[in-house]
Protein chains: 2
Amino acid sequence: MAEAAHLTIGDLARQTGTKVNTIRFYEESGLLPQAERTASGRRVYRDADTRRLAFIRQSRNLGFPLDAVRELLTLADDANQPCEAIDRIARVHLAEIDRKIADLSALRTELDRVIGSCSHGTVADCKIIETLAPRAHE
Amino acid sequence: MAEAAHLTIGDLARQTGTKVNTIRFYEESGLLPQAERTASGRRVYRDADTRRLAFIRQSRNLGFPLDAVRELLTLADDANQPCEAIDRIARVHLAEIDRKIADLSALRTELDRVIGSCSHGTVADCKIIETLAPRAHE
DNA sequence: GCTTGCTCCTACAGTAACTGGAGGTTGTAT
DNA sequence: ATACAACCTCCAGTTACTGTAGGAGCAAGC
Ligand SMILES: [Zn+2]
Ligand SMILES: [Zn+2]
Ligand SMILES: [Zn+2]
Ligand SMILES: [Zn+2]
């Protein structure tokens, strides 16, 4: 039932919600194979490319950096291997996200404290500025 | 008591915990004024520069982007103005941080769910891969 | 057959905020 | 005098694209 249609780069872009330039960028980055070309030099894609690109986009949506996506793509090809390595990449990524959330939360707390301390007078009295400027002790 | 010492760029870097290259970058970006030079072309700094750079660094530590730092520096110079504009910049920045935290938290939830669904078999059964690959329905 | 307009091509600059290095000069201490 | 550190000016690299310039191809309507 599936038709192995030949897609243009624009078709592929539409199917996957990816910009045309981004697809070319993925090709150049080695995430997508070098596409076949028509006689006039236009890229031609097949369903397998759609699936690969969808995988990449889904991974990106989950925040995996391109290096991790590259590894995931390789690992996903060995269907009979244990999925340990895949899980590890995902857990490392989760830890990274947790770190970022922790950093931002600490920042948020501090910034909120600074903002809350302002009594809305002149710049000379502004506690925000006072926090940013080094207190000239003495 | 304060001595208006002439500082080298290295002195300034040490005093503020900034890399030498970063100081040059700030100068080029207009955050620091063009430094005076010695006869041989070396940059010379004074205490006012230390204070300005400390302000920049403190702002950066609170996550303000350089554009915001630039505005803060300008606003901080008008000591008699109301601090409204400063507060607004800070609140906009806080909102941005909140947005990032929300985005990351949503990502974290989803990623955690995906990881949790893996039953540690082969790649063929891995739920993580299944999530990333488009389900070939039918 | 021709023009219009869309899609495609390559190549490159720009984004944020630095960081590091190459290649060369100056200052300082022994 | 000779190290050696610190300074100088470029400039490339980082992340993951995005947008644009300048040019060619392709399908449709007239
Ligand atoms: Zn206020
Ligand atoms: Zn204030
Ligand atoms: Zn597993
Ligand atoms: Zn798994």
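Just so it is clear, the model here is predicted, and its values are computed rather than measured.
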B/Leu31 CG to C/dA16 P, straight-line distance once rounded to whole Å: 13 Å
Whole-Å distance separating the CD1 atom of A/Ile56 from the P atom of D/dC17: 10 Å
Side-chain N,O (A/Arg43) to OP1/OP2 (C/dC9) below 4.0 Å: yes
Heavy-atom donor-acceptor pair, B/Arg24 side-chain to D/dT9 base, under 3.5 Å: no
Spacing of B/Glu27 atom CD relative to C/dA17 atom P, expressed in whole Å: 19 Å
Interatomic distance where CD1 belongs to B/Ile23 and C1' belongs to D/dC8 [whole Å]: 14 Å
Under 3.5 Å side-chain donor-acceptor pair for B/Thr8 and B/Asp11: yes
Nearest listed nucleotide, side chain of A/Ile9, among D/dC26, C/dC9, D/dA16: C/dC9
B/Arg57 versus B/Tyr26, side-chain donor and acceptor atoms under 3.5 Å: yes
Sugar-phosphate, base or nothing in reach of A/Arg57, heavy atoms under 4.0 Å: sugar-phosphate
Closest to the A/Arg37 side chain, choosing from C/dC9, D/dT9, C/dC18: C/dC9
Under-4.0 Å side-chain N/O to phosphate OP1/OP2 contact, A/Ser40 with D/dC26: yes
Candidate nucleotides D/dC17, C/dA17, C/dG27, ranked by approach to the side chain of A/Leu66 - the nearest: D/dC17
Per A/Thr22 side chain, nearest of listed nucleotides C/dT25, D/dG25, D/dC17: D/dC17
Between P of D/dA16 and CD of A/Glu28, the distance in whole Å: 15 Å
Carboxylate-amine/guanidinium contact A/Arg99 A/Asp103, below 4.0 Å: yes
B/Tyr26 side chain near C/dA17 phosphate (N/O to OP1/OP2, under 4.0 Å): no
Basic-acidic side-chain contact under 4.0 Å: A/Arg70, A/Asp67: yes
Residue mapping more 5' on DNA chain C - nearest nucleotide basis, B/Asn21 or B/Pro65: B/Pro65
Nearest-angstrom distance from the residue atom CZ of B/Arg60 to C1' of C/dT19: 14 Å
Nucleotide nearest A/Phe25 when distance is taken to its side chain, options C/dT19, D/dC17, D/dC8: D/dC17
Length of the CG-C1' vector between A/Leu12 and C/dT7, whole Å: 15 Å
Any A/Thr8 side-chain N or O less than 4.0 Å from OP1/OP2 of C/dC8: yes
Atom-to-atom span, NZ of A/Lys19 to C1' of C/dT15 - whole angstrom: 14 Å
Donor-acceptor under 3.5 Å (A/Arg60 side chain, A/Phe64 main chain): yes
